[in-house]
Amino acid sequence: MKLDLSLARKYSRPGPRYTSYPTAPHFGPQVGTAQYLAELGDPQVPVTADFSLYVHLPFCRSRCTFCACNVLITSRRDQIAAYLELLKQEIDLLAERLGSERQVGQLHWGGGTPTYLTAGEIEDLMGHLRSRFAFSEDAEISIEIDPREFTTEQAAVLAETGFNRASCGVQDFALPVQEAINRHQSYELTYHVLESLRSHGIGQINLDLIYGLPYQTEASFSRTLDEVLTLQPDRLAVYSYAYLPHLKKQQQLIDPETLPEPELKLALLSRTIARLTEKGALVYIGMDHFARPDDELALALENGDLQRNFQGYSTRAGLDMYGLGMTSIGQTHNYYIQNHKRLSDYRRSVNAGQLPVERGVRLTAEDHLRRQVIHAVMCRFEIDIPAIEAQHGIDFRRHFARELPNLEPFAADGLLVDDGERIRVTEAGRLFIRNIAMTFDAYLPAERDRPGRSQTTATYSATV
Ligand code: SF4
C-alpha cells in the first residue's frame with residue numbers, strides 16, 4: 001500500500017473510536033436505575049437469547065502514566081475484599097432481574113488489573129457468577145492479565161473456573177518507552193506468563209500494544225513487533241495512544257515533546273500493518289485489531305459478521321451486554337447504561353439494594369440508523385445503500401444530503417469510492433476509518449459549534 005504521509009496532518013483531529021454510538025460523552029443523568037429497570041422488565045423489548053457480561057475490577061498496584069482506564073491504586077487488600085462483596089450483591093440484583101431463561105454467551109473481566117485479585121478471590125467471584133447465571137457451552141470467558149501481577153496458582157484457578165481467553169497488555173518492549181510510561185515488563189516475563197496460561201489450557205491469547213507512546217521510533221517499534229510475533233498471539237490489538245492530559249491527570253507526567261508527530265504515528269501504523277500481515281501471519285481486521293487467519297474474528301470479517309462494542313471488534317457484540325462493577329457500561333436494545341464512576345456512589349447504591357446506574361442514553365430511531373451506518377464503515381468498510389434504505393425506510397442520499405459532500409475529500413484522496421450503490425473504504429482509507437465514520441455522527445457538528453473549547457477536543461483522542 002502506497003501511503004501519502006501528509007494525509008496524517010490533514011486528517012489528524014480529535015474523534016471517537018465508536019465503541020458505542022451515541023458515544024459516552026452523550027450519556028446523561030436523564031437515564032438512571034428506573035429506566036434500566038423498566039427496560040429489563042419490559043416484555044416488548046427484544047432481547048438476545050444469550051447475553052454478555054462485563055465485570056469491572058478497578059484496582060492496580062501502581063499507576064502507568066499513559067493509562068486512560070478507570071483505576072483505583074491501592075495496596076489495601078481489605079478495600080479489594082469489600083469491593084468484591086459489593087460486586088456479588090450487584091450480581092444478585094442483576095440476576096434477579098434477568099431471570100433464568102437466558103444464558104451467558106460471553107463474559108469479560110476488565111480493569112484495572114483483574115489479576116490483582118488473589119487466586120482465592122478469582123475462584124470465589126467466578127463461583128458466585130456461575131451460581132447466579134447459566135453459561136452456554138461455548139461461552140467465551142476472558143480476562144485481562146497484567147503479566148507483572150500473575151502467578152501459576154492464578155493460571156490454574158482461571159483454567160479450573162472456565163476462562164478460555166486471556167488478554168495481556170504489553171504496550172511496547174522498548175526500555176525508554178517503558179521508563180517514560182512507568183511500566184516495566186520484560187519480554188521474558190511476558191513469555192513465561194503466556195507459557196503458563198497455555199500449559200494450563202488457556203489457549204486463546206490476545207496481546208495489546210500501543211503506538212504513539214513517548215520515544216517510539218519506527219526502528220524501536222519494529223523490534224517490538226518482531227518480539228511480539230514470536231509470542232504467537234491469536235489476536236493482536238495495536239491501539240492508537242489516547243493522550244488526554246486534561247482528563248487523565250497521570251498523563252500530565254508525560255512530556256508532550258516526546259510523543260510522535262501525526263506523520264510518525266501514521267508511519268508506525270502503516271509499518272505495523274505491513275509487518276503483521278506479511279506472509280499471512282495475521283489478518284488486519286480494522287482500525288486497531290489483527291487476528292490469525294483461522295481466528296473467529298478473521299472469519300467474521302470474511303463473512304461480514306464482524307461487530308463492534310465497548311471491547312472493540314467482536315464476534316459477539318450483537319449480544320445484549322450488562323455491566324457489573326463501578327464505571328462499567330452495558331448495552332440493551334434501547335439504551336447504553338453506565339454504572340457510578342465513584343466508588344462511594346457505587347457503594348451507596350448497591351447497599352441500598354439498587355442497580356447502581358449513574359447515567360446513560362436512550363437511542364432514538366435516528367441513533368439506531370446512524371449507529372448501523374457507522375458500524376458498517378468500521379466493521380465492513382462499506383455502506384450497502386440499498387440494504388440500509390430497505391431496513392430503515394429512507395432515501396439514503398436524501399437523508400444524508402448534508403453529510404455526503406463531506407465524503408468528497410476522502411474520495412479525492414483515494415480513501416473511499418462511491419459507486420452509487422455502495423460507499424466502499426479503500427485499503428488506505430482503513431487508516432482513516434474514524435474520520436470517515438465521523439461524517440455520519442450527528443452529535444459532532446453540534447459539539448464543534450459550541451462556544452469556548454470544543455467538547456470534541458476536550459473528550460476524544462486524535463484520530464491519527
Ligand atoms: S495500564 Fe493497566 S496496570 Fe497500568 S494503571 Fe492502567 S489499568 Fe493499571
Side-chain angles (χ1 to χ4, degrees), residues 17 19 24 54-77 79-80 83-84 87 108-118 121-122 125 142-151 154 158 165-187 189-190 193-194 197 205-216 224 228 233 235-254 259 288 310-312 323-329 338-339 341-343 346 461:
R17 294 169 189 255
T19 50
Y54 171 76
V55 178
H56 192 71
L57 298 155
F59 300 102
C60 294
R61 188 186 299 277
S62 61
R63 198 181 292 279
C64 312
T65 51
F66 73 94
C67 180
C69 300
N70 292 305
V71 304
L72 295 172
I73 305 299
T74 190
S75 53
R76 284 182 42 197
R77 299 307 307 185
Q79 197 184 1
I80 298 173
Y83 179 81
L84 292 176
L87 198 51
H108 182 74
W109 289 16
T113 304
T115 49
Y116 199 24
L117 267 54
T118 63
E121 286 167 338
I122 292 171
L125 182 59
S142 57
I143 182 168
E144 287 165 21
I145 285 182
D146 182 343
R148 301 169 306 162
E149 299 283 355
F150 197 68
T151 62
Q154 285 173 319
L158 290 176
R165 185 176 286 279
S167 198
C168 267
V170 170
Q171 326 316 347
D172 194 328
F173 283 128
L175 211 52
V177 179
Q178 293 196 353
E179 303 239 308
I181 62 174
N182 190 34
R183 186 186 173 103
H184 296 94
Q185 178 184 327
S186 67
Y187 171 86
L189 173 68
T190 311
V193 166
L194 299 190
L197 286 164
I205 303 291
N206 301 9
L207 295 178
D208 294 347
L209 297 177
I210 298 181
Y211 71 97
L213 289 173
Y215 300 110
Q216 276 177 337
T224 290
V228 159
R235 294 181 188 172
L236 182 57
V238 188
Y239 295 111
S240 170
Y241 177 39
Y243 180 60
L244 297 162
H246 50 283
L247 290 183
K248 304 288 171 185
K249 242 171 140 188
Q250 66 276 9
Q251 293 188 351
Q252 290 169 8
L253 295 169
I254 289 180
L259 294 171
D288 40 26
F310 288 102
Q311 283 148 40
L324 291 161
M326 57 180 284
T327 83
S328 65
I329 299 181
Q338 181 164 31
N339 275 358
K341 288 199 222 154
R342 284 160 54 130
L343 181 56
Y346 173 76
S461 60

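As the structure lists them, so they are numbered: ligands from 1, and atoms in each ligand from 1. Here the structure is a predicted model, which means the values were calculated and not measured.
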Engineer: Determine, for Tyr116 and Arg77, whether the Lys NZ or Arg CZ falls below 6.0 Å from the six-membered ring centre while staying within 45 degrees of the axis.
Structural biologist: yes
Engineer: How many angstroms lie between atom CZ of Arg61 and atom CD1 of Ile73, to the nearest 0.5 angstrom?
Structural biologist: 11.0 Å
Engineer: List nothing but the number: protein N/O/S atoms under 2.8 Å from atom 6 (Fe) of ligand 1.
Structural biologist: 1
Engineer: If the cut-off is 4.0 Å to any non-hydrogen atom of Arg148, which atoms of ligand 1 fall inside it?
Structural biologist: 3 (S)
Engineer: At a 4.0 Å threshold, what atoms of ligand 1 neighbour a non-hydrogen atom of Asp146?
Structural biologist: 3 (S)
Engineer: Among the heavy atoms of Arg183, does any lie under 4.0 Å from an atom of ligand 1?
Structural biologist: yes
Engineer: Should we say atom OH of Tyr215 is surrounded by more than 12 heavy atoms from elsewhere, each under 6.0 Å from it?
Structural biologist: no
Engineer: Can you name the residues that form a ring pair (Phe, Tyr, Trp, His ring centres under 6.0 Å) with Tyr83, not counting sequence neighbours?
Structural biologist: Phe59, Tyr346
Engineer: So which pairs with a foot in residues 237-248 pass salt bridge (charged side-chain N to carboxylate O under 4.0 Å, His left out), sequence neighbours left out?
Structural biologist: none
Engineer: Test of understanding: with side-chain contact (heavy atoms from CB on, under 4.5 Å), list the residues that count as partners of Arg342, not counting sequence neighbours.
Structural biologist: Ser344, Asp345
Engineer: Is the backbone N or O of Ser167 less than 3.5 Å from a side-chain atom of Glu144, with the two atoms forming a donor-acceptor pair by type?
Structural biologist: no
Engineer: Under a 4.0 angstrom heavy-atom cut-off, which atoms of ligand 1 come close to Ser62?
Structural biologist: 5 (S)
Engineer: Using heavy atoms and a threshold below 4.0 Å, how should the contact between Ile73 and ligand 1 be classified: side chain, backbone, both, or neither?
Structural biologist: neither
Engineer: Going from CG on Asp208 to CD1 on Ile145, what distance comes out if it is rounded to the nearest 0.5 angstrom?
Structural biologist: 11.5 Å
Engineer: Of the backbone atoms (N, CA, C, O) and the side-chain heavy atoms from C-beta on, which set of Glu149 has a member under 4.0 Å from an atom of ligand 1: side chain, backbone, both, or neither?
Structural biologist: neither
Engineer: Between Asn182 (side chain only) and Arg63 (backbone N and O only), is there a donor and an acceptor less than 3.5 Å apart?
Structural biologist: yes
